[in-house]
Amino acid sequence: MKGYSALSVIRNALSGHRKWKPVWRHVTPKKHYDVVIIGAGGHGLATAYYLARDHGIRNIAVLEKGYLGGGNTGRNTQVSRSNYFWPQSSAFFDRSLQLFEGLSQDLNFNIMLSQRGILTLAHNHHELDGIRRWANAIMINNIDSKVLSAPEVKELMPLINLNCRFPIHGGFIQRRGGTSRHDAVSWAYARAASDLGVDIIQQCEVTGIKVRSGAVTGVETTKGMIAANRVSIAVAGHTSVLAKMAGFRVPVTSMSLQAMVSEPVKPCLNTVVLSPVIHAYVSQSDRGEIVIGGGADIYNSYAQRGGIPKLEECISSVVELFPAFSHLRLMRQWAGIVDVTPDTTPIMGKTPVDNLYISGGWGTGGYKAIPAGGETMAYTIANDQPHPLIEGFGLERFKIGALINEGAASGVSH
Amino acid sequence: MLQIPCPYCGCRDESDFSFGGESHVSRPLPDSSDAEWSDYLFNRENPKGIHYERWLHSYGCGRWFNLARDTVTHQIHAAYKMGEPKPDLADVGND
């Protein structure tokens, strides 16, 4: 596969863009693989890529029941940040942000990373105190963070209404946070993995996980039985369903989280803004659309559509923050199924079944973790022991009580 | 918007209610193992299909009750009072 370059764009332009080749190979599954990864979202594809690139394992299949990147990887609001509270989360998510910073070069694919900053708002004095503590903790973890006063917030985004229903007292910003193009991330990893010999098999749903004497031996799929030495689960909202196939339970609740975009408008918002209190986050995409997200529906759901009450709550919050946005029309609204854990920290590492690994429980924050999630899971699968960055993220934390409660610490609400 | 049939008040909008998670989770005995206790505290069925779950009619009668609801279609198959056993939904063909 030839890489992308200015020259290749010019050459293909001269031939009317008719000679571009598909970026990943279409294959029929083999009978046996060294590693089978279930789920061709960002995490599954990144894991396959780093396994092939860093650990010399090339006989890999990534199985996808729908189409590549069509689950939560293609449904999120594209935000990257590492403003967590606990040292374990900070180290992991900042590694991810660092990988994002070099990803376009690494993968020769423009992921359009825009480090426009992410601003978290405080709506009362107590919350501002909490935010100072949080921002200081982030700096102690060696990650950039700065507390802003209300006038500084206004200067950053003139459209904001400081005297809204819950008046804005200030906030804090992580300037390295920002957005990138989610489709590009999944396509870039897919192309790079495919080039290294990884088989990406779409429309291939896993219907069973074969376990013999406590170890995984393969998976049953809609395209037949596939034997595997090692299997890794990276299926976002369906983590409980896959775990049940392998015979164990996980502390996960699946919920639907919705997002929406408006019609495109001229540049008017150059930062990602989020408010934990009124629960809304908003940014402007490179195409000019206002991208809006909010809270998850309150009940368990596997339906990839959101409920109207949450939609209304979210839009009314955003309109209160930015009254000018009330003039916009929404173009699209959609939902993805997020797998929420009790402490809102992901579940990564080994499982009660030998040679079966899991990367799940990402809740609403899986997109930003794709590069580091792939890198650490590749290490974990190759060495059969958790990567040092994810040692605390294993299922056993629920037995020993070593929770990493980001829900309480940094307002990850689901 | 779900239309939820409260067993005490009748059908009301979803926004009247609060969600209480999986129902019929029983607390282990005091001599249970750490593994049983952790399973009780954290692990949930989280099925793709019929979910037996607790709801509170917060802005109505203020009482708890159970629903059997499909997590894919959101269809509500049964509403029943606290303490009552799970309804038999074998004919729905999903559990």
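Letters A, B, ... mirror the listed sequences (proteins, then strands); counts begin at 1.
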Side chain / backbone / both / neither for A:V252 at chain B, heavy atoms under 4.5 Å: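 Its backbone and side chain both get close to chain B.
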In this structure, are over 12 heavy atoms from other groups packed under 6.0 Å from A:R249 atom CZ?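 For A:R249, atom CZ is crowded (more than 12 foreign heavy atoms under 6.0 Å).
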Quick one: what part of B:W37 sits under 4.5 Å from any heavy atom of chain A, side chain, backbone, both or neither?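 Contact with chain A: none, neither part.
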Validation row: A:E312, B:M1 side chains within 4.5 angstrom (heavy atoms):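 Sidechains of B:M1 and A:E312: no contact.
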Checking B:R69 side chain against A:N300 main chain: does a donor-acceptor pair fall under 3.5 Å?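 A pair under 3.5 Å: yes.
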Counting only heavy atoms not in B:Y59 (residues, nucleotides, ligands), do more than 12 fall under 6.0 Å from its OH?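 No, OH of B:Y59 has 12 or fewer neighbouring heavy atoms, counting only those of other groups under 6.0 Å.
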Nearest 0.5 Å, please: how far is OH in A:Y302 from NE2 in B:H74?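 Separation between the atoms: 12.5 Å.
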Any B:K48 side-chain heavy atom under 4.5 Å of A:V241 side chain: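 Yes, close enough: below the 4.5 Å cut-off.
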Listed once per pair and sorted, the salt bridge (Lys or Arg N to Asp or Glu O under 4.0 Å) pairs that draw on residues 338-359 of chain A, sequence neighbours left out: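 Passing the test, one end in residues 338-359 of chain A: A:D343-A:R397, A:K350-A:D384.
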Option that, when pairs with chain A are counted at under 4.5 Å, heavy atom only, ranks first among B:V72, B:D39, B:T73, B:T71: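 The answer is B:T71.
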State, yes or no, whether a side-chain contact exists between A:P251 and B:R44 at a heavy-atom distance under 4.5 Å.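 Contact flag for A:P251/B:R44 side chains = no.
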Strictly by modelled atom types, are B:N46 and A:S254 linked by a side-chain donor-acceptor pair under 3.5 Å?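 Result is yes, a qualifying pair exists.
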Residue, of A:S256, A:G307, A:P309, that accumulates the most heavy atom pairs under 4.5 Å with chain B: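 Ranked by heavy-atom pairs under 4.5 Å with chain B, first place is A:P309.
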Can you tell me how far apart CD1 (A:I308) and CG (B:L2) are? Round to the nearest 0.5 Å.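 Nearest 0.5 Å value for the CD1-CG distance: 11.0 Å.
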Ring geometry between A:Y299 and B:F19 (parallel below 30°, tilted from 30 to 60°, perpendicular above 60°):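 Geometry flag for A:Y299 against B:F19: perpendicular rings.
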CZ/A:R165: more than 12 non-hydrogen atoms of other groups inside 6.0 Å: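 Atom CZ in A:R165 is not crowded, with 12 or fewer foreign heavy atoms closer than 6.0 Å.
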For the residue pair B:E45 and A:S240, what are the closest heavy atoms and their distance?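 B:E45 and A:S240 have their closest heavy atoms at O-CB, 4.4 Å.
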Give, as side chain, backbone, both or neither, the part of A:L395 having an atom under 4.5 angstrom from any heavy atom of chain B.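 Contact with chain B involves no heavy atom of A:L395 at all.
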What is the minimum heavy-atom distance between B:F42 and A:P342, and which atoms define it?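 The answer is CD2-CG, 3.7 Å.
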Please check if atom OH in B:Y8 has more than 12 non-hydrogen atoms from other residues, nucleotides or ligands closer than 6.0 Å.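 Enclosed.
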